[in-house]
Amino acid sequence: EVALALEDLKAQKLDLEILRLDGCLTGTLEFAYELRNSASYTMGSEAISGAGSGTYLTHAQALRSYPHEQTPELLAINMVRDYDVNHGQYDGHYKDTLSAIKTDKLADLASAISNFVDQAATVSQEDRIRFDVAREFAPLYGGGSYTIDLGSFMLGVSKATALSQNVRNAALNVVNKLKPAVVAKSNSELPAGGLSIYYPRGGGSSSAYEASHSQFIKDTKWDQFLSRQVNAGKKSEENLGQDEEDNLGQEASKNNSKNKILTVFDWSTTSQSKVNAFDLGRLSGSNIVIPNFAINEGITKYFKIFIPYND
């Protein structure tokens with residue numbers, strides 16, 4: 001509806017350079033893609049926005065001070081910078097993720113995602129579980145964590161050495177096409193790339209989602225990837241060894257006598273900065289061995305432990 005309304009304005013020769021979406025969870029690729037023909041730049045937040053994140057009085061400072069030097073892109077960049085200085089660190093404690101998107105770069109990004117979907121179409125169940133692990137270790141947004149940071153997810157997939165090189169290359173290509181589309185993004189607590197994408201826990205698409213973003217679905221085939229992820233956690237019990245289960249960092253629960261459902265959950269999701277290192281508590285004694293942590297190969301995690309001096 002928003003896109004149609006803006007198209008009507010465009011038909012009246014009212015061209016929009018910047019469209020600032022002042023609301024929660026407005027920094028999705030789906031939303032930006034539907035608006036790509038309506039404005040040169042869109043701005044929105046991947047996360048739930050803090051109060052005051054859209055104070056246009058301070059946003060307009062650069063335009064007021066240097067009106068002749070401001071291009072649409074420079075103004076959008078300055079709006080993001082203003083948010084960081086005047087709002088992000090106070091209102092959202094860097095949990096908000098305001099970004100500015102250059103919409104004429106989104107077609108290339110959509111094409112890269114479509115290629116990734118094609119490359120991932122025939123992967124094994126084990127690899128689909130790895131996709132879910134990469135999903136869980138990317139920043140998650142919304143009350144139900146149904147959108148994720150696109151760049152972090154694809155970067156994690158590209159660095160997962162157990163996946164085929166074709167899949168990893170396709171994921172890295174998405175990352176490379178995302179970068180020129182995001183002309184500015186705010187500092188955030190988690191490594192946000194500037195655009196989120198719909199990927200609910202457990203996968204799956206819906207008719208409402210597909211109807212709301214029909215052109216995006218057509219151009220990216222993202223609904224196909226989501227549908228294939230629905231059964232990602234199902235594996236034949238006789239083929240699932242405990243070592244493999246541990247290596248994937250999964251928590252297994254029985255679905256029935258023949259299958260296990262692997263629930264992928266990143267319990268250290270906020271430990272992607274030194275300030276928020278996950279506290280492993282006190283270690284005491286001898287011969288303590290920690291063989292591995294369930295962390296995505298594409299993400300750096302921080303942990304802290306307390307070792308008594310006398311031990």
Side-chain angles (χ1 to χ4, degrees), residues 1-12 14 16 19-49 97 99 101-121 128 131-132 134-136 138-154 170-171 174 177-178 181-182 192-233:
E1 293 179 0
V2 174
L4 290 175
L6 293 175
E7 287 297 322
D8 288 341
L9 289 177
K10 195 169 185 178
Q12 299 173 38
L14 296 174
L16 284 177
L19 178 60
R20 167 72 154 88
L21 303 168
D22 188 13
C24 300
L25 308 174
T26 53
T28 68
L29 174 56
E30 291 92 336
F31 206 173
Y33 196 77
E34 296 298 335
L35 299 171
R36 70 194 185 284
N37 296 322
S38 302
S40 301
Y41 299 87
T42 62
M43 300 181 67
S45 173
E46 292 183 70
I48 295 176
S49 300
T97 50
S99 59
I101 308 303
K102 191 172 185 179
T103 55
D104 66 3
K105 300 295 184 181
L106 295 181
D108 288 343
L109 178 57
S111 178
I113 292 174
S114 176
N115 179 57
F116 169 77
V117 172
D118 288 341
Q119 295 297 328
R128 294 211 174 276
F131 289 154
D132 271 0
R135 175 213 178 272
E136 204 65 40
L140 311 174
Y141 304 111
S145 298
Y146 50 85
T147 60
I148 66 167
D149 183 70
L150 174 63
S152 297
F153 167 70
M154 290 295 180
V174 174
K177 296 300 182 182
L178 173 66
V182 181
L195 281 171
S196 61
I197 194 168
Y198 182 70
Y199 186 171
R201 183 169 287 141
S205 184
S206 70
S207 57
Y209 169 71
E210 294 165 16
S212 298
H213 307 290
S214 57
Q215 192 60 50
F216 174 79
I217 293 298
K218 179 181 178 182
D219 293 346
T220 64
K221 299 175 281 191
W222 187 245
D223 60 320
Q224 297 178 27
F225 174 80
L226 294 175
S227 296
R228 294 178 185 126
Q229 288 301 112
V230 170
N231 294 319

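Since this is a predicted model, take the numbers as computed values, not measurements.
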Using a 3.5 Å distance criterion without hydrogens, assess whether the side chain of [X] forms a donor-acceptor pair with backbone atoms of [Y].
X: T97; Y: A47; answer: yes
X: S212; Y: A208; answer: yes
X: S227; Y: D223; answer: yes

Heavy atoms only: give me the nearest [X]-[Y] pair and the separation to one decimal.
X: T220; Y: A110; answer: CG2-CB, 3.6 Å
X: Q119; Y: A170; answer: CG-CB, 3.9 Å
X: G203; Y: Q229; answer: CA-CB, 4.0 Å
X: A121; Y: R128; answer: O-NH2, 3.1 Å
X: S196; Y: Y141; answer: CB-CD1, 4.1 Å
X: L109; Y: L178; answer: CD1-N, 3.9 Å

Do you know which of T42, T28, T103, D219 makes side chain to side chain donor-acceptor pair (under 3.5 Å) with Y33?
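Among T42, T28, T103, D219, the one that satisfies the side chain to side chain donor-acceptor pair (under 3.5 Å) with Y33 is D219.
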When you look at E46 and S99, which way does the side chain to side chain donor-acceptor pair (under 3.5 Å) test go after all the steps?
CA-CA 8 Å; E46 292 183 70; S99 59; 5.5 Å; no
Can you tell me how far apart [atom1] ([X]) and [atom2] ([Y]) are? Round to the nearest 0.5 Å.
X: I197; Y: T147; atom1: CD1; atom2: OG1; result: 10.0 Å
X: I217; Y: E30; atom1: CD1; atom2: CD; result: 7.0 Å
X: I113; Y: M154; atom1: CD1; atom2: CE; result: 5.5 Å
X: R135; Y: D149; atom1: CZ; atom2: CG; result: 12.0 Å
X: N37; Y: L106; atom1: CG; atom2: CG; result: 10.0 Å
X: S45; Y: L25; atom1: OG; atom2: CG; result: 7.0 Å

Any side-chain donor-acceptor pair under 3.5 Å between Y199 and D132?
yes
Specify whether F225 and F116 have parallel, tilted or perpendicular ring planes, treating 30° as the upper limit for parallel and 60° as the lower limit for perpendicular.
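Rings of F225 and F116: tilted, as their planes differ by 30° to 60°.
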Among Y209, F31, F216, which one satisfies ring pair (Phe, Tyr, Trp, His ring centres under 6.0 Å) with Y198?
Y209
